[in-house]
Protein chains: 2
Amino acid sequence: MKIGQATIKDIARELNVSSSTVSRALKDYPGISDETKRKVKELAEKLNYRPNAIALSLRKSRSFTIGVIIPEVVHFFFSTVISGIEEEANSRGYNVILTQTNEKLGREKSSIDTMLSNQIDGFLVSHSKETEDFEHFSKLLDQGYPIVFFDRVPQIPHAVNVTVDDYKGAFDAVSHLIQQGYRRIVHLSGPKNLTISTERIRGYKDALMAHGIEINKKLIVECPLGTDDESRKTTRQLLESMEERPDAFFGNNDMAAVGAMLACKDWGLRVPEDIGVVGFSNWQFCSMIDPGLSSVAQPGFQMGAKATQLLLDIIEKKINPEDIKESITLPTELLIRKSSVR
Amino acid sequence: MKIGQATIKDIARELNVSSSTVSRALKDYPGISDETKRKVKELAEKLNYRPNAIALSLRKSRSFTIGVIIPEVVHFFFSTVISGIEEEANSRGYNVILTQTNEKLGREKSSIDTMLSNQIDGFLVSHSKETEDFEHFSKLLDQGYPIVFFDRVPQIPHAVNVTVDDYKGAFDAVSHLIQQGYRRIVHLSGPKNLTISTERIRGYKDALMAHGIEINKKLIVECPLGTDDESRKTTRQLLESMEERPDAFFGNNDMAAVGAMLACKDWGLRVPEDIGVVGFSNWQFCSMIDPGLSSVAQPGFQMGAKATQLLLDIIEKKINPEDIKESITLPTELLIRKSSVR
DNA sequence: ATTTTCGATGCAATCGGTTGCGTTGACGTT
DNA sequence: AACGTCAACGCAACCGATTGCATCGAAAAT
């Protein structure tokens, strides 16, 4: 494109050979004289020749591009995942095209459409909060398109999923709170239609049960947005309405945990003396706030890299998606800071 | 691609017409009978036909894809910009392909190469910290490729740049500190080869001078990494070594400001009573920490959207880059929180 | 009845690169 | 001299869609 991008034909014309010869010379095929190869390569260098990837894509029906569909870019965890994706894809010679759904199902579907038009070689998907029906994905899988889901994974049999160990992360976090002597532990949960949310709820419940603490459904409060403002309000209402006040908060994410922490401070409670708080994700700010926020670290970069690695292996037929029986689960790690230690 | 993506030829064969007829029927060209149009569209719908964007790109020498080159994805400000880019590009029918340089000049150059191979229609660039020579960009401009630079803009005459008003942001921040009675104000600056850094330094100096305070070069300390750890150490050293201690910190970014704040707390100083702190960027965590961090907000989303809008207008020849005389500057806004008010 | 007109459609080149197969000519062999 | 061998290269089809320029047949005009 543009004025002056040299093509194989330009080289061929200049050297009075056919374009096939140029093509073969550039790729060191046998059956081309060294002399010709030399001349072709020289001229290619001089003209600053760059193969046209579009033409190649058309011919090979391969674009060496993968499509990433993600709820939000401005999100510490997701941006970390993107970084991992970008690194791995780049090192294996693939491009990354990116769309964010802003949590809208409609944009998820239209993203798929434009990506299909662009002949991408495979999808990396973390679905939106609105997505409850996964047919638009299973249709793609049936048609044979490679897809790897990460973090927000759908309930589709035989889908290749990469997640972190949400269950164990939650279990560890809540166990830690219990060991520190907290008993009435609130879980500020995520939307119930997300597997990550239900897994964390499961971890929360199991940790309580493992320590002989009865589960009180009133202590599981949904914070669908996951913002600090939302959880701040929710927490205040909770403190106002409950006869016996909670003594700890386990947030589905760090923003929710911070919101709870701020609400408790507003209410005159001290963290960690009166209230223990643990978050999930280990966002950057956890170590910057006072007191430092304990949090369950999720390896976002590794998740992106691993998902990409799987996808490219599937695309390049190095592995068969049907051989992957269960979800890939990456370990989480509880990082203990001041907010939960008394 | 893949098994079963229908093409125009499939439709043509099935209907016993030529592919030209199908192409024209789909686009409602005159000269095709209504009957044929109906049949073609019906079958296209049934076969779930999607035009092959790759073939179109080859034919038109246009890919409807723009390339974004950015230092880091995991960065609140840049991810916000990406979000703006993605929104604007998407709404105008363009794809976004993304690469991060991780602040490496080499990756900046290789990104350009692969993007050129992929026939992208234009570039959006924020250059790396390593980049001090801009020839690889000016060469592209000479060849006629549309480029819009944002935030980290190069010193190339006639380049189209989108920045925020770094100078005024810094000027306002420092003026505010002075008004609050702080006098010995340290500036934790960014790398000197970035225009954004030098502009902020200029704003810092001018604010001091405007209030009749002498500039002390020892109070301008470079924090090239811009991490909280780095500035925490730098600040500690500063507190240890100076005979007359500073009473305020203006950070080149929020991380640096937080680092300073933490170091001061470690040192037994109170914020804002003993030390005033102002950051730059207004990251999410500014309102979550205690005390809340005053900061200069930069409109990242708007910057991304504006830069994309300009780029697409140049690509579509709606505007001529040469008509854009000066840099586009977006307003900054000082948000005052507790960290700088006594 | 012959010519003109025009609606409806097909042919073939094109974008840039790849690749199976055929062609050419120099050389060696019998 | 006649034939086989092989290195070196060209031809043309192909990937999917677009588009200027035929072409064809039937209705309208003469």
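Residue numbers start from 1 in every chain, and the chains themselves are labelled A, B, ... in the order their sequence lines are given, proteins ahead of strands.
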Which nucleotide in the list C:dT9, C:dG16, C:dA13 gets nearest to the side chain of B:R59?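 Nearest nucleotide to the side chain: C:dA13.
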
[X] has an atom [atom1]; how far is it from atom [atom2] of [N], in whole Å?
X     : N      : atom1 : atom2 : result
A:L58 : C:dT14 : CG    : C1'   : 12 Å
A:N52 : C:dT18 : CG    : P     : 10 Å
B:I8  : D:dC15 : CD1   : C1'   : 13 Å
A:F64 : C:dG17 : CZ    : P     : 16 Å
A:L56 : C:dG17 : CG    : C1'   : 6 Å
A:K60 : C:dC15 : NZ    : P     : 21 Å
B:D10 : D:dC15 : CG    : P     : 10 Å

Have B:S117 and B:T114 got a donor and an acceptor in their side chains that come within less than 3.5 Å?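 No, because no side-chain N or O of B:S117 sits under 3.5 Å from a partner of the opposite role on B:T114.
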
Taking atom types as modelled, is there a side-chain donor on A:S111 or A:T99 under 3.5 Å from an acceptor on the other?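 Note: A:S111 and A:T99 side chains meet the donor-acceptor criterion.
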
Below 4.0 Å: OP1/OP2 of [N] and any side-chain N or O of [X]:
X     : N      : answer
A:S18 : D:dG10 : yes
A:S23 : C:dT18 : yes
A:S19 : C:dG17 : no

What nucleic acid atoms does [X] come within less than 4.0 Å of, heavy atoms only: base, sugar-phosphate, or nothing?
X     : answer
B:V22 : nothing
A:K9  : base
A:T7  : sugar-phosphate

With sugar-phosphate taken as primed atoms, P, OP1 and OP2 and all else as base, the protein-contact string of nucleotides 21-27 of chain C at under 4.0 Å (heavy atoms; B, S, -) is -------

Tell me, which of residues 27-39 of chain B have any heavy atom that sits under 4.0 Å from an atom in DNA chain C?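 When residues 27-39 of chain B is checked for heavy atoms under 4.0 Å from DNA chain C, the hits, listed by number, are B:G31, B:I32, B:S33, B:T36.
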
Using salt bridge (Lys or Arg N to Asp or Glu O under 4.0 Å), reason through B:E316 and B:R92 one step at a time and then give a plain yes or no. CA-CA 11 Å; B:E316 294 171 354; B:R92 286 177 66 168; 3.0 Å; yes

Around atom NZ of A:K39, are there more than 12 heavy atoms of other residues, nucleotides or ligands at under 6.0 Å?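 Not buried by this count: 12 neighbours or fewer within 6.0 Å.
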
